[in-house]
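See structure below.
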Amino acid sequence: MTDEQPSSPRKLSKIVPYRLARSNAEMVKLISLLCEINGFKLNIWRVMSAVGSYQPISPMEIGRHTTIDKAMVSRAIRELVDRGLADRRSDERDARWAQVELTPEGTAVYGKMVAAIDALEKHLFRDLPAGKVEEFMDMLGLVERRVRRMRERVELNRKTDLAQLLGNDEA
């Protein structure tokens, strides 16, 4: 890795979105390895974790919680059902509406993965007081909510709101 130049107007390592992306990339690699050891891919785990957390849950809700597109959610559900880890029930009144739940075997796999992730988090934050971890989680929640609101605002009004967010009121 190349060192940053001291003459840079702002070091990349001091830019919050860059640091969050780097941290996320490293965490995703670690969780992907955990998934691989347990016999599935990360997106399958992401769908399974949404089902385990919110069951029964619809595929549309899974997509919202995981930010995975609906085609990938559908493939993941199909794989979980084929492997006996989840059940998918269609609504009797509307076949387009389905509910997904973990099977007993899926619940066991989910519990094993959650325990492993909890152990990883415990190891990651082992040197920090519990209060600092709670503060960190609160700050992540705050950042996530603010970024979502800003993104929604820019999506609605594009150039005008983006210029205002950047401190340039000339749109």
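Since this is a predicted model, take the numbers as computed values, not measurements.
With hydrogens and angles disregarded, no donor-acceptor distance shorter than 3.5 Å links the side chain of Arg64 to the backbone of Glu61. Looking only at distances, no side-chain donor or acceptor of Ser58 sits under 3.5 Å from a matching main-chain atom of Ala98. A donor-acceptor pair is defined here as one N or O able to donate and one able to accept, closer than 3.5 Å; such a pair exists between the side chain of Arg19 and the backbone of Ser13. When atom types are taken as modelled, the side chain of Arg153 and the backbone of Arg149 share no donor-acceptor pair closer than 3.5 angstrom. For Gln55 (side chain) and Leu102 (main-chain N/O), a donor-acceptor pair under 3.5 Å exists by modelled atom type.
Interatomic distance, CD1 of Ile31 versus CG of Leu120, reported as 5.5 Å (0.5 Å rounding). Once rounded to the nearest 0.5 Å, the distance linking NE2 of His123 with CG of Asp118 reads 14.5 Å. Here the OG1 atom belonging to Thr107 is positioned 9.0 Å from the CD atom belonging to Glu101, to the nearest 0.5 angstrom. Distance CD1/Ile44 to CG/Leu80: 5.5 Å, rounded to 0.5 Å.
Using a 4.5 Å cut-off between side-chain heavy atoms of Ile, Leu, Val, Met, Phe, Trp and Tyr, with links allowed through other members, Leu33 and Leu124 fall into different hydrophobic clusters. The same ILVMFWY cluster, assembled from side-chain heavy atoms under 4.5 Å apart, contains both Leu30 and Phe40. Both Tyr54 and Val73 belong to a single network of hydrophobic side chains, linked directly or stepwise wherever heavy atoms of I, L, V, M, F, W or Y lie under 4.5 Å apart. Met60 is not connected to Met72 by any chain of hydrophobic side-chain contacts under 4.5 Å among Ile, Leu, Val, Met, Phe, Trp and Tyr, and they are in different clusters. Under the 4.5 Å side-chain heavy-atom criterion for grouping Ile, Leu, Val, Met, Phe, Trp and Tyr, Ile68 is connected to Met27 within one hydrophobic cluster.
Note: Phe125 and Phe136 have tilted aromatic rings, judged against thresholds of 30 and 60 degrees for the angle between ring planes.
Looking at heavy atoms from C-beta onward, Leu140 lies in side-chain contact with Leu20 at the 4.5 angstrom threshold. Considering only heavy atoms from C-beta on, Arg78 comes within 4.5 Å of Asp82 through its side chain. Put simply, the side chain of Glu36 does not reach to within 4.5 Å of the side chain of Lys41, judged on heavy atoms. A 4.5 Å side-chain heavy-atom check between Glu152 and Arg148 finds at least one atom pair inside the cut-off. The closest side-chain heavy-atom distance from Ile77 to Ile62 is below 4.5 Å. Residues Thr66 and Trp45 fail the side-chain proximity criterion, which asks for heavy atoms closer than 4.5 Å.
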Walk me through whether Val100 and Asp87 qualify under side-chain contact (heavy atoms from CB on, under 4.5 Å).
CA-CA 6 Å; Val100 182; Asp87 286 324; over 6 Å; no
Checking side-chain contact (heavy atoms from CB on, under 4.5 Å) for the pair Arg83/Glu105: CA distance, chi angles, key distance, verdict?
CA-CA 9 Å; Arg83 290 175 64 175; Glu105 183 182 350; over 6 Å; no
Would Met113 and Cys35 count as a side-chain contact (heavy atoms from CB on, under 4.5 Å) here? Give the steps.
CA-CA 8 Å; Met113 282 293 294; Cys35 289; 3.8 Å; yes
Could you walk me through whether Val109 and Asn38 pass the side-chain contact (heavy atoms from CB on, under 4.5 Å) test, one step at a time?
CA-CA 8 Å; Val109 170; Asn38 284 282; 5.8 Å; no
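At most 12 heavy atoms of other shown residues, nucleotides or ligands fall within 6.0 angstrom of atom CZ in Arg146.
Taking both residues in full, the closest heavy atoms of Gly106 and Met48 are given as O-CE, 3.3 Å, listed atom of the first, atom of the second, then distance. Summarising the geometry of Ala76 relative to Val47, their closest heavy-atom pair is CB-CG2, 3.6 Å, with the distance given to 0.1 Å. Of all the heavy atoms in Arg88 and Pro59, the pair that sits closest is NH2-CG, 4.2 Å. The shortest heavy-atom contact between Ser53 and Tyr110 is OG-OH, 3.3 Å.
Salt-bridge check for Arg75 with Glu79: failed, with every basic side-chain N at 4.0 Å or more from each acidic carboxylate O.
For the residue pair Thr67 and Arg46, a side-chain donor N or O sits within less than 3.5 Å of a side-chain acceptor on the partner.
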